[in-house]
Protein chains: 2
Amino acid sequence: MRIQSFISREQDYALRITAYLAGLKKGEFVSVRNMAATLRISQKFASRIAHKLKKADITDSIQGKYGGVFLKANPQKISMWDVLNIIGFKIKFNDCMCENVFCEFELGCKFHSFFVQQEQIFMDTLKKQKISDYILHHLIKTS
Amino acid sequence: MRIQSFISREQDYALRITAYLAGLKKGEFVSVRNMAATLRISQKFASRIAHKLKKADITDSIQGKYGGVFLKANPQKISMWDVLNIIGFKIKFNDCMCENVFCEFELGCKFHSFFVQQEQIFMDTLKKQKISDYILHHLIKTS
DNA sequence: TTTAAATATTACCCAACAAGTAATGTTTAA
DNA sequence: TTAAACATTACTTGTTGGGTAATATTTAAA
C-alpha cells in the first residue's frame, strides 16, 4: 500500500535542488540535465521545478546553449518553508481548519485547538531551517 | 483548490466518535444513527468506523433492535495515536523515509535526518494526547 | 546565418486514493 | 414474525500526485 506523504515528491525535489545549487561556488552554474541526473530527478520535472523556483527569485538561469541554473537567493536567508511554499505546500493537519470548511464544533473542540497548535509549531520549525544548513556537499563534483 | 490533509476525514471522524463515546456515562450507549447525526457523519460511514474501532477493542456494541455502541477502552489509556493508527494513519513526512523506497542520499542527507526527527516528535506528541482530555462534553445530551 | 543545445511553458495522461454510497447480511427485542 | 439495529463487502466518483509529451524560445558557436 502506497501512503501519501506530508510533503510531495515535487516539494522534496525542490528542496534537493535548492540545497544542491547552494553548494556551488559563486559564479558557477549547472545545466538542468546534469543536475537532474545527479539528484535522480527526471529532466523535464526538474526543469519545471527550477522554473517555479526562478519565478520566486530563489534561483536564476542562463538561457540558450551552454546555459544552466544557479542559486540567486542567499541560502542563509531562505528556509525550508520558503521553498516548500513555492511548490504549493499548504500545511494542513486536518480538514476542520480549512478556510472554506465550516466546522460547527470548532469552538468547543479540543482536537481543533490541538491541530492549530501543532501546525504552528511545525511551521515555525520549518521557517527556522535555512537552506545553508542543508547543502548537499557530497553531491558536488570537485573540479 | 482542495488540499489533502495530513489526517483523513475518516481518521478525524474516528477521533470524534471515540471522544464522544468517552463522554457517555457508565452503562450508557447510543445507536450509530443518533451518534452519526450528532457528529454530522453519514450513518453508513460512522457504522464502518465504529466497527473498525470495535475490532481494535476501543469500542464495543450491542447488536439487534435497540442496540448501539459504547466505549470499551479506558479513555485515559487510549491516545490519539492509538485511534488514528486503527484507521490506517501512517505518519510519513517524506517519501524518502518509506521502507520500500531506497533513497541513496539518505546517509548524507540532512533533510532525511530532519524529517526523521520531526516525525518522532510529532508521534510522541500524539501518544501523549489521551482521549479523556478531548471529551466532547458539549455534544452530550443531558437526559 | 544556421544549427545545436539549452531553458520555458503548456497540455495532457494515468494510477492511486479519499470519501463516501449501495446493497445485503446478521442479530435481537418486542 | 418483524422491525430496527449493527456488520460486511462491493462499488462509485472525483481529485491529485507525479509525471510525460510537445512545442516554443533563447543563445553560443560553427
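Every value quoted in this text rests on a predicted model; they were computed, and no experiment measured them. Numbers restart at 1 for each chain; the letters A, B, ... are given by sequence-line order, proteins then strands.
Comparing dA5(C), dG18(D), dA30(C) by their nearest atom to the side chain of F45(A) picks out dG18(D). Taking only side-chain atoms of K44(B), from C-beta outward, the nucleotide of dT21(C), dT7(C), dA28(D) with the closest atom is dT21(C).
Residues I91(B) and M123(B) share a closest heavy-atom pair of CD1-N, 4.0 Å.
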Check the interface with nucleotides 9-11 of chain D: list each N/O to N/O pair with the protein under 3.5 Å, or write none.
unit_1  : atom_1 : unit_2 : atom_2 : d
dA10(D) : N6     : R48(B) : NH1    : 3.3

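Judged as a side-chain hydrogen bond (donor to acceptor under 3.5 Å, both in side chains), and not counting sequence neighbours, S47(B) has no contacts. Not a single salt bridge (charged side-chain N to carboxylate O under 4.0 Å, His left out) links D82(A) to another residue, sequence neighbours left out.
Between W81(A) and F89(A), the two ring planes are perpendicular [angle over 60°; tilted spans 30° to 60°].
Of the possible polar contacts, none joining the S79(B) side chain to the K130(B) backbone as a donor-acceptor pair under 3.5 Å is found.
Less than 4.0 Å separates DNA chain D from no heavy atom of any residue of residues 78-87 of chain A. Using a 4.0 Å cutoff on non-hydrogen atoms, the parts of residues 52-63 of chain A near DNA chain D are Q63(A), ordered by number.
Regarding contacts with the backbone of dA19(C), every side-chain N or O of S42(B) stays at 4.0 angstrom or more from both OP1 and OP2.
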Compile the donor-acceptor pairs under 3.5 Å between side chains in residues 67-77 of chain B and protein atoms, sequence neighbours left out, one pair per line.
unit_1 : atom_1 : unit_2 : atom_2 : d
K72(B) : NZ     : D57(B) : OD1    : 2.9
N74(B) : OD1    : Q76(B) : N      : 2.8

Practice task
Under the side chain to side chain contact (heavy atoms under 4.5 Å, CB included) rule, what do F122(A) and F122(B) come out as? Steps first, then yes or no, please.
Solution key: CA-CA 9 Å; F122(A) 188 58; F122(B) 188 58; over 6 Å; no
